> 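One structure, as structure tokens, below. Some questions next.
Lettering of chains follows the sequences in order, A, B, ..., and the numbering in each one begins at 1. These values consider heavy atoms only, across backbone and side chains, with no hydrogens, waters or symmetry-generated copies. Because the structure is a prediction, the values reported are computed rather than measured.
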Amino acid sequence: MGMLDLKREIAEILAKLLEDMDVEQIYGMLEQPPSPEMGDLAFPCFKLSRIFRKPPADIARELANKIPISRYIERVEPVSGYLNFFFKRSAVISDVLKQVLTERESFGSSWEGKGKTIVVDYSAPNIAKPFHIGHLLSTIIGHSLCRIFKFLGYNVVGINHLGDWGTQFGKLIAAYRRWGSRERVERDQIKELMDLYVRFHEEAEKDPSLEDEGRNWFARLEKGDREALELWQWFKNISLEEFKRVYRILGIEFDSYAGESFYVDKVWDVVEELRSKNLLKESEGARIVDLEPYGMPPFLILKKDGSTLYATRDIAAALYRKKAYDFHKCVYVVGATQILHFRQWIKVIELMGYRWAKDIVHVPFGTVSLEGKKLATRKGQVVLLEDLLTEAVKKTLEIIEEKNPGMENKNEVARQVGVGAVIFSHLYSSRIKDISFSWEEALNFDGETGPYVQYTHARTCSVLQKAGYTPGNSFDAGLLDTKEEYELAMALYRFPEKVREASGEYEPSVITRYLVEVAQAFNRFYHEHPILVEDEALRAARLALVDAARIVLSNGLWLIGLTSPERI
RNA sequence: GUCCCGGUGGCCUAAUGGAUAAGGUAGCGGAUUCCGGAUCCGCUGAUACGGGUUCAAUUCCUGUCCGGGACGCCA
């Protein structure tokens with residue numbers, strides 16, 4: 001079935017009446033009126049005023065007289081320069097429900113991405129540091145984008161570009177050799193690595209020569225020194241184990257863990273290529289690419305001791321990925337603090353002559369602070385992600401014990417709802433906004449939250465089960481003639497366009513907020529109208545609406561990385 | 001210093017340049033003989049400030065103020 005697109009339908013009708021404008025132009029102008037009483041779709045006539053040399057109100061009035069009544073259009077009303085369309089509710093509800101109930105878990109999806117690959121680079125925690133709430137945003141935004149792209153038919157490659165290379169590992173090795181022991185690292189794992197790292201920085205304040213020692217060990221690592229490599233691999237394995245435990249809780253899997261170290265042997269080709277393309281300049285002993293003509297500071301490629309920087313590895317990684325995946329887009333979910341860095345290296349790729357530089361997309365997001373203060377691993381001023389998730393699950397379990405003590409798989413449901421609450425709240429506002437973490441807010445499950453949407457979904461399941469509902473039965477959508485039923489159906493109708501919007505803006509919050517909209521519409525309907533009524537025809541129609549709502553909630557929750565338990 | 005991002009009721013958040021600025025939370029007041037009260041309904045309350053562009057500005061331009069961030073040898 002083709003997608004039910006009422007906007008296009010109306011754009012086409014208008015295009016026939018307005019010779020100077022094409023369907024696309026009109027499509028872009030059509031908007032949703034501020035309130036349902038004003039109609040279902042509005043066409044503002046102000047811009048036409050200049051073309052026709054008439055007041056907008058006159059244009060709207062004249063158009064209103066010419067609009068043919070069709071399957072979906074019941075009437076049109078000119079109101080102060082707007083042409084407001086009122087749909088034939090029964091026809092719209094009927095077609096929306098038919099479509100949702102036919103397509104089911106694929107409702108809202110499409111094949112626009114067929115044959116195209118999108119690489120999504122996300123999460124990317126640093127080895128030897130604990131996984132804290134600062135890593136949460138990249139992880140869940142990236143994961144949600146992966147699901148959204150998949151839903152739209154793209155082939156998606158999710159990459160965890162681990163921070164597993166760099167001077168910090170030289171420092172860690174130096175610290176381990178000075179103060180560490182195998183037993184303690186084996187016992188305390190990442191915590192011990194963290195302590196060593198912190199101690200290094202403390203001691204380096206007093207004795208700056210330590211910094212050189214750390215850099216020296218990193219240089220040995222880059223040269224393939226056996227002892228350095230062994231220690232590094234060991235530390236990396238310890239970290240990976242911890243990270244994978246967190247990813248399992250979040251329900252996330254990656255297609256590749258190729259981190260920075262993977263590109264170490266590939267950077268020299270990049271350096272050589274930059275040299276041969278005359279992009280490399282010597283400056284203060286280091287090698288840079290001059291970006292002044294583009295209004296940016298110089299971009300450092302090689303340090304004066306000849307070792308590489310993460311910048312170099314970013315370029316190598318992009319070149320490698322283009323070759324390996326021939327991506328349509330390569331998306332980087334990395335914090336807003338790195339906007340300049342991305343602008344710089346993408347410009348360098350462009351200067352190297354690669355036209356696909358425009359397919360590299362940086363998706364920035366805001367900074368997480370702790371009750372207004374900066375997160376600082378070294379000062380121990382962090383909230384571990386695992387602690388947050390554990391607390392959220394614990395609190396959920398308490399609520400379940402209170403409200404639904406007889407439930408069977410309490411622990412599993414508490415896990416899904418608790419983790420879901422954390423993900424949901426972090427995907428609720430526009431990603432660019434900074435987040436000030438507070439325990440109180442993080443554990444508040446009232447209002448526009450994950451539990452609210454999951455609760456609503458569970459409620460749909462509960463009604464359907466009580467009714468002994470089986471999908472596929474025929475129903476008369478004409479019986480759904482109330483305001484609440486229509487508004488719910490219209491909310492469901494909007495799902496596919498919300499998915500497209502979320503994808504186009506790389507913005508999962510579009511889906512998150514939309515889910516609240518649907519849940520609110522459902523709960524209003526549920527409260528106003530009994531579903532399990534005597535009248536069998538009405539009952540069948542309302543059950544179909546409930547099932548459709550259930551499907552959309554479930555599909556939408558999946559897109560932001562949440563589950564849809566049938567009971568909570 | 002240069003550049004980037006943000007500023008909307010007490011707090012959090014929304015609004016492709018469009019109509020009466022939309023929700024949540026907190027506060028107050030209501031709703032359950034019936035499908036799950038983690039629900040629903042009502043009340044109170046907001047675009048930092050000045051100028052400009054426009055028929056129309058929360059949105060675009062400009063200046064000021066406030067908060068965050070980036071700007072060579074970390075990642």
> Taking B/C34 as the reference, what is the distance to B/A38 when you measure between their P atoms (whole Å, please)?
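About 15 Å, rounded to a whole number of Å.
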
> Taking atom C1' in both B/G69 and B/G24, what distance in whole Å separates the two?
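It works out to 29 Å between them.
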
> Answer whether the closest heavy-atom distance between the side chains of A/F85 and A/L14 falls below 4.5 Å.
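Heavy-atom side-chain distance check passes, below 4.5 Å.
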
> Just checking A/E534: does its CD atom have more than 12 heavy atoms from other residues, nucleotides or ligands closer to it than 6.0 angstrom?
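No, CD of A/E534 has 12 or fewer neighbouring heavy atoms, counting only those of other groups under 6.0 Å.
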
> Given the structure, check if the side chain of A/S369 and the base of B/G68 hold any donor-acceptor pair shorter than 3.5 Å.
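No, the side chain and the base share no sub-3.5 Å donor-acceptor pair.
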
> Write down the distance separating the P atoms in B/A57 and B/U64, rounded off to the nearest Å.
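The same atom, P, in both gives a distance of 24 Å.
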
> Does a side-chain N or O of A/R459 approach OP1 or OP2 of B/G37 to a distance below 4.0 Å, or not?
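Yes, A/R459 has a side-chain N/O under 4.0 Å of OP1/OP2 on B/G37.
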
> Can you tell me the base-pairing partner of B/U2? Count Watson-Crick or G-U wobble geometry only, both distances below 3.5 Å, and say none if there is no partner.
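Partner of B/U2: B/A70.
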
> Determine which nucleotide pairs with B/A57, using a 3.5 Å limit on both distances of a Watson-Crick or G-U wobble pair.
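The answer is none; no pair meets the criterion.
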
> Is any side-chain N or O of A/N84 under 3.5 Å from a base N or O of B/A19, one able to act as donor and the other as acceptor?
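For A/N84, whose side chain was compared with the base of B/A19, there is a donor-acceptor pair (under 3.5 Å).
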
> Let's test your reading of the model: under 3.5 Å, does the base of B/G36 pair with the side chain of A/S462 as donor and acceptor?
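Donor-acceptor pair under 3.5 Å: yes.
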
> Inspect the surroundings of CD in A/Q25 and state if more than 12 heavy atoms from other residues, nucleotides or ligands are less than 6.0 Å away.
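Yes.
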
> What's the base orientation of B/G72: syn (chi within 90° of 0) or anti?
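Glycosidic conformation of B/G72: syn.
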
> Please state the C1' separation for the pair B/C41 and B/G23 - nearest whole angstrom.
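Between the two C1' atoms, the distance is 15 Å.
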
